[in-house]
Amino acid sequence: MSSADATGRSPLSPPPGPTVYTCSRDDATCVVCSSRIQRYAQIKPLLDHASNSNGLGKGVHWVHASCQQVGAEAAFTIPPCKHWMQRGTCAFQSACAFLHEPSARNALAHVFNAPRRGQGNVKRLRIRNCDKAGVLRRFLSQTFQLARNDATILDVAGGKGELAFQLRNLLNIENVAVVDPRPLALASFIKRYHHGHYHRNAAFSADLQKPKTTTQPPAHMPVLFHASLMQTVRNAERSVGLHAYEQAVQQGAKLAWSTKGLKSNPAAAAADDDDESTTATTTNNNTLSFDEARHMLRSCTLITGLHVDQAAGDLVEFALQNAIPFAVVPCCTYQSEFPRRKLSDGTRVSTYEQLCNWLQERDENIQRAELPFDGKNTVLYWVPTST
């Protein structure tokens, strides 16, 4: 199992070979050799300075892959990579088809560092919000060697089920369950899958299984994740565990999530959000029975969660109690709900950094890394010392 590097960043690897782009048109012409570019032929970018004064790539032409170097020695240059120009890193690294040139980045620093409208001096960092689940999936795949395909994974507070859907269908891990009382909403993820969204970028798809004609939903455990409940379902006598699980399912059905937090009345949650509450999402028909949930908890090999809110402490506690590897990305502190949380020096937990420190203090072998996306991006993870 791998770990974070010396900088604290997650060990996300570049693609194994050069970036390959193919032509999707029938009427494209190479500006270097003036001949037609056949559909599906390999192509590479060139920058035409005559139609592009700022060097940001608006005058990019796509040419035959074999013509790129010839054109770069004539009236064209290889255009700069916009990702590398903006933040000094690129997921493709040396395999990128665009240029990573320090002098060009320095010359255009004023363009990329300019404040965005309404954000003052704040600018976008790394990957936008829409790919957070994909970033965590790649971290899990590499850190916990999920390519084995024998994993059993719990996705705590998984919401609509995006991370679990990716683990189930992109990594082909059969035993994946979302632990969240909210119904899953997989329609948009299924649409992205069939449109090739997940497989089109070689930098992010090197660990993926080949796309299939159909997708499979992850399992669903429609309860709140409490360490005591999970222990009861996992280890107590069957009658006791069954009663606790059924009661938790009934309680979970009365909850809904809105922008103001959990609501006990779904109608009130929907009213708060003007029909944006998750109560109107797609219901999953793969709900786990008590025996299925019990088996999954007993055979679990990894527990994960992306922005799990109140469940962060319970996730870490349950995982450590049962020596189950975990990776959690904490979010809000909810200090009013957990007034007894204190650091080893007696400081009350009230900030995000203090929450991460408090969780890390649960065990000396818990490691920390920074994931490449905006916002709360600290991942705390633990693997047994004897593997």
Side-chain angles (χ1 to χ4, degrees), residues 152-161 163-164 175-186 217-258 260-273 277-324 326 328 330-332 334 336-341:
T152 298
I153 303 176
L154 295 180
D155 177 17
V156 176
K160 295 180 179 180
L163 176 60
N175 299 314
V176 181
V178 177
V179 185
D180 196 312
R182 295 169 286 183
L184 306 185
L186 305 175
H220 186 207
M221 198 182 300
V223 299
L224 290 172
F225 191 97
H226 294 296
S228 58
L229 171 65
M230 298 298 111
Q231 288 285 43
T232 300
V233 174
R234 184 182 191 270
N235 299 322
E237 294 183 3
R238 188 181 187 283
S239 59
V240 176
L242 176 61
H243 175 73
Y245 184 71
E246 290 180 341
Q247 190 175 41
V249 171
Q250 293 174 1
Q251 293 174 348
K254 300 176 182 179
L255 299 174
W257 181 262
S258 73
K260 297 182 180 179
L262 281 171
K263 295 285 186 179
S264 59
N265 185 343
D272 283 342
D273 283 351
S277 171
T278 56
T279 55
T281 57
T282 304
T283 301
N284 179 33
N285 59 3
N286 208 21
T287 302
L288 294 176
S289 66
F290 165 75
D291 290 318
E292 292 170 332
R294 187 183 184 95
H295 175 73
M296 179 157 280
L297 287 169
R298 288 179 170 180
S299 60
C300 183
T301 60
L302 176 63
I303 304 177
T304 188
L306 175 61
H307 295 166
V308 295
D309 292 327
Q310 298 102 314
D314 286 272
L315 187 158
V316 173
E317 177 184 347
F318 177 77
L320 291 175
Q321 287 175 344
N322 297 280
I324 302 173
F326 71 83
V328 59
C331 189
C332 303
Y334 290 93
S336 61
E337 296 187 26
F338 303 101
R340 296 184 179 180
R341 285 181 176 176

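These numbers come from a predicted model, not from an experiment.
Taking each heavy atom of A227 and D314 in turn, the nearest pair found is N-OD1, 2.9 Å. P217 approaches N286 most closely through the heavy-atom pair O-ND2, 3.4 Å. Heavy-atom minimum distance, A248 versus L229: CB-CD2, 3.6 Å. What you find for T232 and A244 is that their closest heavy atoms are CG2-CB, 3.9 Å. Heavy-atom minimum distance, A319 versus I303: CB-CD1, 4.1 Å. For L288 against A177, the heavy-atom pair with the smallest separation is CD1-CB, 4.0 Å.
For Q231, the side chain to side chain donor-acceptor pair (under 3.5 Å) test picks out N235, Q321, N322, with sequence neighbours left out. Not counting sequence neighbours, the partners of T152 by the side-chain contact (heavy atoms from CB on, under 4.5 Å) test are N175, M296, S299, T301.
Annotation: ring pair (Phe, Tyr, Trp, His ring centres under 6.0 Å) contacts involving residues 221-247, sequence neighbours excluded, comprise F225-F318. For residues 292-305, no pair satisfies salt bridge (Lys or Arg N to Asp or Glu O under 4.0 Å), with sequence neighbours left out. Within the structure, no pair that satisfies the ring pair (Phe, Tyr, Trp, His ring centres under 6.0 Å) test touches residues 287-308, not counting sequence neighbours. Sorted by first then second residue, the salt bridge (Lys or Arg N to Asp or Glu O under 4.0 Å) pairs that include residues 218-231, not counting sequence neighbours, number zero.
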Starting from the C-alpha separation in whole Å, work towards a yes-or-no answer on side chain to side chain contact (heavy atoms under 4.5 Å, CB included) for Q251 and V223.
CA-CA 8 Å; Q251 293 174 348; V223 299; over 6 Å; no
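Side-chain contact between L163 and P218 is absent, with no heavy-atom pair separated by less than 4.5 Å.
Taken from CD1 in I324 to CZ in R234, the straight-line distance is 5.0 Å, to the nearest 0.5 Å. Remark: T287 OG1 to H220 NE2 distance equals 6.5 Å, nearest 0.5 Å.
Salt bridge annotation for D180-K160: absent, with no cationic side-chain nitrogen under 4.0 angstrom from a carboxylate oxygen.
For the side-chain contact (heavy atoms from CB on, under 4.5 Å) criterion with L154, the lone passing option out of L302, L297, L315 is L297.
Within the 3.5 Å criterion, the main-chain N or O of V178 finds no donor-acceptor partner in the side chain of D155.
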